[in-house]
> 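I have a structure I would like to understand better, so I am pasting it below and will then ask my questions one at a time.
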Amino acid sequence: MIQPEKKDIALKVENVSIAFGGLKAVDDLSFSIRRNEIYGLIGPNGAGKTTIFNCITQFYKADSGSVHFIHSNGKETNLMDLEVHNVIKEGIVRTFQNVELIRELSIIDNVLVGAHHVMHQPLLGQLFNRGKIRRDEEETRKKAEGILEFLDILHLKNFIAGSQPYGVQKKVEIARTLMSNPDLIILDEPAAGLNDTETKELADRIKKIKDVYNATILLVEHDMRLVMDICDHICAISFGEKIAEGTPKEIQSNPEVQKAYLGEEGELE
Ligand SMILES: Nc1ncnc2c1ncn2[C@@H]1O[C@H](COP(=O)(O)OP(=O)(O)OP(=O)(O)O)[C@@H](O)[C@H]1O
């Protein structure tokens with residue numbers, strides 16, 4: 001694979017390792033993601049995909065290695081220096097393997113939760129700037145509605161999130177990430193639980209998100225058709241180690257990858 005130039009890189013994972021007890025879940029893993037690309041992380045069950053996501057977002061602190069995020073203005077941040085709640089302020093957001101919405105709230109309110117850290121005002125500001133706060137809230141609501149429209153679920157905005165089909169809930173989760181103007185969106189198995197039609201629609205949306213929101217996207221996914229269809233580059237891991245990296249075509253024909261998947265349901269087609 002042609003290595004990207006430094007200025008084109010958005011995320012650089014270098015020699016990251018983490019062990020749980022005696023088990024090395026991620027072992028000296030390195031990869032770089034280009035700005036404004038869709039990058040896929042694949043591997044059999046238990047390969048360490050979610051663990052590396054957690055090491056990037058600082059939910060887990062890696063035992064060794066570094067994770068650098070490079071902003072479009074060239075500023076570089078070692079995410080390992082940050083606490084988990086500060087990672088979002090760098091423009092990095094994620095969705096979870098299992099949808100994590102506030103089930104009792106309406107769809108629009110769930111999306112508005114995604115603007116919380118942008119909206120935060122000190123108490124004195126809240127007392128003296130009521131007009132401005134109202135205008136900000138209106139603007140935020142309009143933005144949320146715009147995102148719901150982009151994802152074709154604006155007509156459902158007042159429905160309770162927990163009452164909606166899984167495909168809709170997944171879209172709401174994605175909508176929430178878009179509220180914070182992210183530079184890097186991390187999607188953990190976005191197609192899990194979706195049917196074929198929903199998966200195709202999701203693939204189309206993820207490509208559009210990349211273009212419309214000018215974001216870089218990192219995803220873990222077992223649905224190989226989705227991965228091969230939308231990813232610009234893919235990293236395949238097995239037992240926490242990188243076994244291959246390249247374009248979808250290169251990954252599909254890689255013998256090591258095929259061996260790792262032998263007997264797995266997710267065939268490389
Ligand atoms: N908090 C933890 N404590 C102990 N072991 C863990 C922890 N998190 C992950 N592991 C172990 O690390 C290994 C990698 O798990 P991980 O969830 O990252 O795999 P994965 O590739 O995301 O799998 P899947 O595709 O099934 O979601 C597994 O053996 C898992 O049991």
Side-chain angles (χ1 to χ4, degrees), residues 11 13-33 38-67 79-80 82-85 87 92-101 166-167 169-170 173-174 177 184-195 198-199 202-203 206 217-231 233-246 248 251-252 254 256-269:
L11 188 82
V13 172
E14 281 182 317
N15 308 105
V16 166
S17 296
I18 185 168
F20 300 106
L23 176 92
K24 273 212 159 180
V26 175
D27 191 2
D28 200 25
L29 185 66
S30 301
F31 59 88
S32 294
I33 305 179
I38 302 178
Y39 190 92
L41 196 57
I42 63 166
N45 288 115
K49 304 178 297 293
T50 299
T51 303
I52 191 70
F53 269 21
N54 286 331
C55 289
I56 293 170
T57 54
Q58 303 307 308
F59 191 68
Y60 291 162
K61 286 287 172 194
D63 297 332
S64 56
S66 64
V67 182
L79 299 180
M80 302 234 319
L82 303 179
E83 293 302 320
V84 62
H85 56 270
V87 171
I92 301 172
V93 290
R94 71 171 292 180
T95 64
F96 292 85
Q97 213 164 327
N98 302 311
V99 170
E100 301 222 353
L101 297 176
Y166 199 58
Q169 293 190 29
K170 287 235 153 185
E173 220 192 1
I174 292 176
T177 69
L184 175 66
I185 305 173
I186 301 179
L187 303 173
D188 199 350
E189 296 197 28
L194 301 188
N195 64 32
E198 288 170 331
T199 303
L202 177 77
I206 294 175
I217 295 173
L218 166 61
L219 64 91
V220 157
E221 185 49 65
H222 282 287
D223 188 312
M224 285 304 140
R225 271 172 306 179
L226 177 98
V227 172
M228 297 299 166
D229 176 23
I230 69 171
C231 289
H233 291 99
I234 297 168
C235 176
I237 64 172
S238 179
F239 296 107
E241 288 182 59
K242 177 156 89 177
I243 52 171
E245 191 179 12
I251 291 295
Q252 262 171 314
N254 184 294
E256 282 295 310
V257 179
Q258 293 189 348
K259 205 164 83 187
Y261 271 89
L262 220 60
E264 279 267 319
E265 247 179 73
E267 284 167 15
L268 294 171
E269 48 186 33

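Counting starts at 1 for both ligands and their atoms, following the listed order.
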> Suppose we measure from atom 27 (O) of ligand 1 to each protein heavy atom; which comes out shortest, and what is that distance?
Gln97 NE2, 3.3 Å

> Does any N or O atom in Leu23 lie less than 3.5 angstrom from one in ligand 1, N or O only?
no

> Report yes if some heavy atom in the side chain of Cys231 is under 4.5 Å from a heavy atom in the side chain of Tyr39; otherwise report no.
no

> Should Ile237 and Leu29 count as side-chain neighbours, where that means a heavy-atom distance under 4.5 Å?
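Yes, their side chains come closer than 4.5 Å.
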
> List every atom of ligand 1 that sits less than 4.0 Å from any heavy atom of Glu189, numbering the atoms from 1 in the order shown and giving each element.
25 (O), 27 (O)

> Who's the nearest protein heavy-atom neighbour of atom 17 (O) of ligand 1, and how far?
Thr50 CB, 3.8 Å

> Return the option from Ala19, Gly46, Cys55, Gly21 holding the heavy atom at the smallest distance from atom 24 (P) of ligand 1.
Gly46

> Under 4.5 Å between any side-chain heavy atoms of Ile42 and Val220, yes or no?
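Of all side-chain heavy-atom pairs linking Val220 with Ile42, none is under 4.5 Å.
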
> For atom 19 (O) of ligand 1, grab the closest protein heavy atom and report residue, atom and distance to one decimal in Å.
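Going by distance alone, atom 19 (O) of ligand 1 is nearest to Gly48 N, 3.2 Å.
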
> Heavy-atom distance under 4.5 Å between the side chains of Arg94 and Thr177, does that happen here?
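No; the side chains remain at least 4.5 Å from each other.
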
> Where is the nearest protein heavy atom to atom 26 (O) of ligand 1: which residue, which atom, and how far?
Asn45 ND2, 2.9 Å

> Considering non-hydrogen atoms of the protein only, which is the closest contact for atom 6 (C) of ligand 1, and what is the distance?
Phe20 CD1, 3.3 Å

> Under the 4.0 Å line, does any protein heavy atom show up next to atom 11 (C) of ligand 1?
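Within 4.0 Å of atom 11 (C) of ligand 1, protein heavy atoms are found.
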
> Could you check whether any side-chain heavy atom of Ile217 comes within less than 4.5 Å of a side-chain heavy atom of Ile33, counting everything from C-beta outward?
no

> Would you say that Tyr60 contacts Phe53 through its side chain, given a criterion of any heavy-atom pair below 4.5 Å between the two side chains?
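No - every pair of side-chain heavy atoms lies 4.5 Å or more apart.
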
> For atom 18 (O) of ligand 1, what's the nearest protein heavy-atom neighbour? Residue, atom name and distance, please.
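Protein heavy atom with the smallest distance to atom 18 (O) of ligand 1: Thr51 OG1, 2.5 Å.
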
> Is the closest side-chain heavy-atom distance between His222 and Lys49 below 4.5 Å?
yes

> Counting C-beta onward and ignoring hydrogens, is there a side-chain heavy-atom pair between Asn15 and Ser66 closer than 4.5 Å?
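Asn15 does not reach Ser66 side chain to side chain.
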
> Closest heavy-atom contact between Met228 and Ile234?
SD-CD1, 3.9 Å

> Starting from atom 21 (O) of ligand 1, find the nearest protein heavy-atom neighbour and note its residue, name and distance.
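Result: Lys49 NZ, 2.8 Å.
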
> Evaluating non-hydrogen atoms only, which member of Tyr60, Phe53, Phe59, Phe239 is closest to atom 8 (N) of ligand 1?
Tyr60

> Polar contacts were defined as any N/O atom of the residue lying under 3.5 Å from an N/O atom of the ligand; does this apply to Ala47 and ligand 1?
yes

